[in-house]
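Some notes on the structure that comes next.
Quick caveat: nothing in here was measured; it's all calculated off a predicted structure. Order of the sequence lines fixes the chain letters, A, B, ..., with proteins taken first and strands second; residue numbering starts at 1 for each chain.
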Amino acid sequence: MRIRNLELTVGVFILAGVLALTVLALRVAGLTPGSTGSTYSVHAYFDNVAGLTSRAKVTMSGVTIGQVTAIEFDKNRYSARVDMAIDSDVDTLPADSTASILTAGLLGEKYVGISVGGEEDLLVDGSEIYDTQSALVLEELIGRFLLNTVSKED
Amino acid sequence: MIRKGPNSTMTDVSDYIVDLQGVTFRRGQRVIFDGVDIRIPRGKVTGIMGPSGCGKTTLLRLIGAQLRPESGSIWVNGRNIPELGREQLFAARQDMGMLFQSGALFTDLSVFENVAFPLRVHTELPEDMIRDIVLLKLQAVGLRGARDLMPDELSGGMKRRVALARAIALDPQLMMYDEPFVGQDPISMGVLVRLIRLLNDALGLSSIVVSHDLAETASIADYLYVVGDGQVLGQGTPDELMNSDNPRIRQFMQGEPDGPVPFHFPARDYLQDLIQAEKDA
Amino acid sequence: MSAVDRLVLLGRAGLDTITALGRSGLFLVNVMFGRASFGNGWALLVKQLHSVGVLSLAIIVVSGLFIGMVLALQGYNILVGYGSEQAVGQMVALTLLRELGPVVTALLFAGRAGSALTAEIGLMKATEQLSSMEMIGVDPLKYVIAPRLWAGFISMPLLAMVFCVVGIWGGAMVAVDWLGVYSGSYWTNMQNSVQFVDDVLNGLIKAVVFAFVVTWIAVFQGYDCEPTSEGISRATTRTVVYASLAVLGLDFILTALMF
């Protein structure tokens with residue numbers, strides 16, 4: 001009987017550990033198994049992605065509709081290619097929609113925001129979003145501001 | 001399964017259960033044994049005696065292969081212990097029982113489980129058979145009633161008796177007792193003396209009793225070795241040793257405080273030492 | 001003391017250290033690849049999992065809770081200055097998963113379970129229980145040491161995971177319920193920045209490595225200690241000191257390799 005109680009507590013302990021790992025995977029890391037099945041992929045070229053990471057969210061009107069799957073440098077176009085997986089439910093995006101890299105808060109996470117265009121053709125699996133707006137880079141902004149100030153004084 | 005080294009002369013296996021030949025053992029710089037020859041006759045109680053710190057316990061550990069000698073061979077039941085591999089060694093040890101000075105009971109197991117321990121790990125006996133054997137062994141040491149107690153609920157003498165029951169659980173051929181009489185009151189000492197003799201004769205064991213308690217050891221031993229300074233100083237039956245001419249043996253057997261074994265630890269001349277102290281001050 | 005004497009002493013100390021390292025390595029090999037275990041190996045392991053793992057659970061949960069709460073509080077106070085207090089969730093989660101979870105668990109584990117292992121094994125040695133087990137023909141490496149070693153390997157990573165979860169939950173309690181960070185951004189920011197492989201799995205790998213080292217040091221110090229009460233107390237101290245130093249040093253190396 002003593003041994004049985006022991007086994008029971010040890011079983012509970014191991015279960016708690018495994019459960020903790022599962023919580024970390026699902027709740028903390030936001031790993032959602034099998035979600036890849038119901039998306040379609042689009043891509044876009046940006047001059048500068050500065051700080052955007054893979055698995056960043058893709059939003060529209062502030063609602064997450066997908067995530068970034070890959071970011072790589074295209075050596076022929078000298079720009080960054082960003083692949084995104086968009087939920088299949090959201091299948092009515094016009095082909096001339098705009099993708100911009102935005103920042104949540106002043107120093108927060110980078111994400112991709114999509115604003116709707118007006119064309120009748122729709123984005124489908126494998127399409128490219130042509131109209132893009134690169135990330136706001138603080139240094140460039142400050143540099144431009146300083147340059148303006150200096151040239152005004154001249 | 002009798003293996004013989006190229007240079008060793010093995011005597012008839014049936015006469016001697018343990019045969020130490022030219023055993024040398026060193027601990028650091030200190031020589032504990034220097035080419036010692038000791039033979040333990042089969043079926044008898046053999047006493048190994050000597051002053052404290054002369055390496056009596058080391059001798060048992062050498063036989064049990066918990067220590068390895070620097071040179072020499074140790075034959076137990078026809079097997080040269082220092083040459084055995086780890087695997088064979090653990091098999092060989094099943095033929096040996098050892099009673100440690102402290103009893104060395106497993107503190108997290110009850111008395112019953114302590115005695116059952118060797119049976120559980122070495123045999124596939126069914127539970128009711130293990131129970132019968134354990135009760136039999138506990139009955140032999142007179143502690144059948146204490147089977148459900150934990151070791152820390154027992155007195156020192158009772159612990160040693162439980163340890164004895166555990167040591168004989170697998171019916172070993174050789175029993176080794178490490179200072180079995182130390183720190184015992186006269187009653188439990190008497191009980192132990194009687195038990196050692198009784199078990200030896202009833203179970204057909206061979207026993208080695210390592211002790212510096214002269215009277216008790218002499219009273220049960222058939223044969224005695226006196227060791228000291230890394231040598232065997234003398235051997236013989238208790239009577240022979242009592243009447244020995246050898247001054248070192250006589251000093252030990254008669255319990256004289258000073259003699260060949262000096263009372264004083266080696267030191268400078270006493271007077272010199274005192275004068276030196278005054279100079280320093 | 002002349003310079004040569006000092007050099008000799010230093011050399012001897014170095015040789016002693018290397019010898020001890022070799023001895024502990026051989027010991028580990030003997031424990032893990034020695035004779036096959038006995039039939040009741042499972043029962044022995046369960047017993048040790050209980051004393052090493054289950055009994056450490058309370059201290060891990062309590063410490064994890066407080067560390068998570070403190071992290072949230074400190075993080076909030078700093079981040080609020082930049083107007084990014086909604087990032088407190090990701091800060092708590094990443095700090096716990098990458099560093100504090102494995103490291104603090106390992107340090108607590110060394111203090112709670114490691115020292116107990118050393119003292120227990122040392123006492124078994126001092127009371128000749130290990131010797132008598134050998135004389136019964138049972139290998140104490142297999143019967144006493146191996147179950148404790150495995151119990152440590154298995155328990156500590158699990159404890160580290162529990163520590164992280166409790167810490168993140170404690171952080172949420174402080175940040176969301178007390179400081180008023182919007183609960184959605186606490187969790188969403190966390191989910192967006194925490195990567196399963198990079199953060200959770202790497203943290204788990206750290207915990208496994210630490211478990212290995214801490215338990216190894218603990219059982220070896222117990223097995224190798226001088227069998228006197230003074231020797232046991234020294235060995236117990238050594239376990240905590242060596243294990244803590246090893247964990248912190250290895251943490252630096254692992255972090256450099258992983259992140």
Using non-hydrogen atoms only, which part of [X] is less than 4.5 Å away from chain A: side chain, backbone, both, or neither?
X	value
C/V162	both
C/S155	both
C/L79	neither

If you measure from [atom1] on [X] to [atom2] on [Y], what distance do you get to the nearest 0.5 Å?
X	Y	atom1	atom2	value
A/T9	C/L55	OG1	CG	8.0 Å
A/L26	C/F196	CG	CZ	8.5 Å
A/T22	C/M161	OG1	CE	11.0 Å

message = Looking at A/D47, I want to see if its CG is surrounded by more than 12 non-hydrogen atoms of other residues, nucleotides or ligands under 6.0 Å.
response =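 Counting other residues, nucleotides and ligands, CG of A/D47 stays at 12 neighbours or fewer.
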ask   = If you draw a 6.0 Å radius around OH in A/Y78, do more than 12 non-hydrogen atoms from other residues or ligands fall strictly inside?
value =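 No.
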query = Do the side chain of C/Q191 and the main chain of A/R27 share a donor and acceptor less than 3.5 angstrom apart?
reply =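 Such a contact is found between C/Q191 side chain and A/R27 backbone.
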inquiry  = Quick check on the structure: residues of residues 92-114 of chain C within a heavy-atom distance below 4.5 Å of chain A, by number.
reply    =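 Residues C/A93, C/L97 are the ones that qualify, each having a heavy atom under 4.5 Å from chain A.
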key: For A/L24, the option from C/V194, C/I168, C/L201 that meets side chain to side chain contact (heavy atoms under 4.5 Å, CB included)   =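 In the set C/V194, C/I168, C/L201, the residue that makes a side chain to side chain contact (heavy atoms under 4.5 Å, CB included) with A/L24 is C/I168.
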task = Using the side chain to side chain contact (heavy atoms under 4.5 Å, CB included) rule, take C/L49 and A/I14 through it: C-alpha gap first, then chi angles, then the decisive distance, then the call.
result = CA-CA 9 Å; C/L49 275 174; A/I14 292 178; 4.2 Å; yes
ask   = Non-hydrogen atoms of chain C under 4.5 Å away: do they reach the side chain of A/V10, the backbone, both or neither?
value =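 A/V10 touches chain C through backbone and side-chain heavy atoms alike.
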inquiry  = Restricting to ring pair (Phe, Tyr, Trp, His ring centres under 6.0 Å), what partner residues turn up for C/W150, sequence neighbours left out?
reply    =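 Ring pair (Phe, Tyr, Trp, His ring centres under 6.0 Å) list for C/W150, sorted by chain: C/F153.
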ask   = Taking only residues two or more places apart in sequence, or in another chain, which ones meet A/R77 in a salt bridge (charged side-chain N to carboxylate O under 4.0 Å, His left out)?
value =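 Result, salt bridge (charged side-chain N to carboxylate O under 4.0 Å, His left out) vs A/R77: A/E128.
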request  = Return each pair, listed once, that meets side-chain hydrogen bond (donor to acceptor under 3.5 Å, both in side chains) where at least one residue sits in residues 159-180 of chain C; pairs must be two or more places apart or across chains.
outcome  =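 The answer is none; no pair qualifies.
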